[in-house]
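Working notes, structure below.
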Amino acid sequence: MRTAVITSAAGRHRHLTLQHLGLAAGSYAPDVYVVVAMDDPDLGAALAGRLPAATVVNCRVRNGNLPLARARNVGAACALERGAELLVFLDVDCVPGERLLQRYRQAALHAEHQRSLLCGTVTYLPPPGPYGYRLAELPTLAEPHPGRPAPATEELLRSEDYALFWSLSFAVTAKTWHAVGGFCEEYEGYGGEDTDFGQRARAAGVPLTWVGGAPAFHQYHPVSDPPVAHLRDILRNAETFHRRWGWWPMTGWLHAFADRGLAHQERATGRWVLGPGSECRPSPGERSGPERTRG
């Protein structure tokens, strides 16, 4: 099964370099490695002369908002043109575990799970020491994210909770990618596009399977919680998601913005808009929706 790894990046060259080293050290090397540069003309230099050889393609940024959904679609199209039968998507901050590609391939070849949206575990790493991260030490530095399933090493765990899907590390066969239809490109900037992809998979009848033994390690970088710098993106993308699916995603962030007077939900329309509001907000026990950490 010809396997492609697809990553999108704008900056984060050091993180991308460690991802590249992780792929080179893996038990199975990708047949295709596509890196989508979102208006980053210097990205190719960070990968030059290294194996596995990377194909760098550009994805233009419009209106200053990173086109995360479109970039993944561009990367998938490039990989499919090169004959990929299995598409493995990794966030630029994610370093693959030694057996990540091997386990995704095994799951994709399994008769019961080959049509699945395949998700591996993701561990958020602490800040690196003065000499950076060492690949061999990554599994010892932290546990997988507690908000997602963590199946045993050889386990394939079916789930019905598509709202827990995230795009930091996942894999689909070419046939499943076409069945889902890729990422919705109405989303621009931060937030919502991966939750939408999970719902597209659910609507297409694609099972969701968590893959044990396919860890990815998310390299540390500073984040704000809630991500105030992405306030406008999140409000815009949340409204797009609500229009498409009828419920609000990212509610933890939306209510955190409301608590800070940065946004509110209009009583008359139900829309989330910028600025403080006078409407009563729900108590914490009434707040619903999956929480995630990402960045």
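Scope of the values below: all heavy atoms of this structure, side chains included, with no hydrogens, waters or symmetry mates. Nothing fancy with the numbering, it's 1 onward along the sequence.
Not a single donor-acceptor pair under 3.5 Å links the side chain of R271 to the backbone N or O of H264. For the pair R70 (side chain) and R60 (backbone), a donor-acceptor distance under 3.5 Å is present. Between the side chain of Y33 and the main chain of L51, no donor-acceptor pair closer than 3.5 Å is present. For the pair Q19 (side chain) and C94 (backbone), a donor-acceptor distance under 3.5 Å is present. A distance-only check finds a donor-acceptor pair linking the side chain of R103 to the backbone of G212 [under 3.5 Å]. Although no hydrogens or angles enter the test, the distance criterion places no donor-acceptor pair under 3.5 Å between the side chain of N65 and the main chain of E188. A donor-acceptor distance shorter than 3.5 angstrom exists from the side chain of D233 to the backbone of Y190, with no hydrogens or angles considered.
No continuous path of ILVMFWY side-chain contacts below 4.5 Å connects L109 to V32, so the two sit in separate hydrophobic clusters. Hydrophobic clustering (ILVMFWY, side-chain heavy atoms < 4.5 Å, transitive): I6 and L100 are in distinct clusters. Note on L117: it clusters hydrophobically with W210, by side-chain heavy-atom contacts below 4.5 Å among ILVMFWY residues. The hydrophobic cluster containing V36 does not contain L43, counting ILVMFWY residues as joined when their side-chain heavy atoms lie under 4.5 angstrom apart, directly or transitively. By the criterion of side-chain heavy atoms lying less than 4.5 angstrom apart, applied directly or through intervening Ile, Leu, Val, Met, Phe, Trp or Tyr residues, V211 is grouped together with L23 in one hydrophobic cluster.
Nearest approach of A256 to R260, heavy atoms of both residues: O-NH1, 3.0 Å. The two residues V92 and S8 make their nearest non-hydrogen contact at CB-O, 3.5 Å. Closest of all the heavy-atom pairs between C78 and T55 is SG-CG2, 4.0 Å. Nearest heavy atoms, T176 versus T173: OG1-OG1, 2.9 Å. In terms of heavy atoms, V172 sits closest to S116 at CG1-O, 4.1 Å. For P128 against Y133, the heavy-atom pair with the smallest separation is CD-OH, 3.4 Å.
You'll find the side chain of R12 stays beyond 4.5 Å of the side chain of Q219, heavy atoms only. Under the 4.5 Å side-chain criterion, counting only non-hydrogen atoms from C-beta, V95 is in contact with L138. The closest side-chain heavy-atom distance from L18 to L135 is below 4.5 Å. The closest side-chain heavy-atom distance from V88 to P30 is not below 4.5 Å. The shortest distance between side-chain heavy atoms of P139 and F217 falls below 4.5 Å. By the 4.5 Å heavy-atom criterion applied to side chains, V5 and V34 are not counted as neighbours. Put simply, the side chain of Q265 does not reach to within 4.5 Å of the side chain of V273, judged on heavy atoms. Contact check for D194 versus F165: side-chain heavy atoms found under the 4.5 Å cut-off.
Atom CZ of residue R62 and atom CG of residue D39 lie 10.5 Å apart, to the nearest 0.5 angstrom. We find the NE2-CG distance between H20 and L47 to be 6.0 Å, quoted to the nearest 0.5 Å.
Taking the six-membered ring for Trp and the full ring otherwise, the centers of W272 and F257 sit at least 6.0 Å from each other. Centroid-to-centroid, the aromatic rings of H230 and W253 stay 6.0 Å apart or farther. For an aromatic pair to be called close, the ring centres must be under 6.0 Å apart, and W248 with H255 fails this.
Heavy atoms from other residues, nucleotides or ligands lying under 6.0 Å from CZ of R158 number more than 12. Heavy-atom neighbours of R14 CZ from other residues, nucleotides or ligands within 6.0 Å: at or below the threshold of 12.
Side-chain atoms of T269 and E266 form a donor-acceptor pair, as typed in the model, at a separation below 3.5 Å. Judged by distance alone, the side chains of S27 and Q102 do bring a donor and an acceptor atom under 3.5 Å apart. Side-chain N/O atoms of T3 and Y104 include no donor and acceptor closer than 3.5 Å. No side-chain N or O of N237 forms a donor-acceptor pair with one of E193 less than 3.5 Å apart. Looking at R148 and T121, their side chains never bring a donor and an acceptor atom within 3.5 Å of each other. No side-chain donor from either of H13 and D42 sits under 3.5 Å from a side-chain acceptor of the other.
Using bins of under 30°, 30° to 60° and over 60° for the plane-to-plane angle, the ring pair H145/W166 lands in the perpendicular bin. Using bins of under 30°, 30° to 60° and over 60° for the plane-to-plane angle, the ring pair W177/F183 lands in the tilted bin.
Salt bridge E160/R202: absent, no basic N to carboxylate O contact under 4.0 Å. By the 4.0 Å N-to-carboxylate-O rule, E185 lies too far from R72 to be salt-bridged with it.
A cation-pi contact links R105 to Y28, judged by a cut-off of 6.0 Å to the six-membered ring centre and 45° from its axis.
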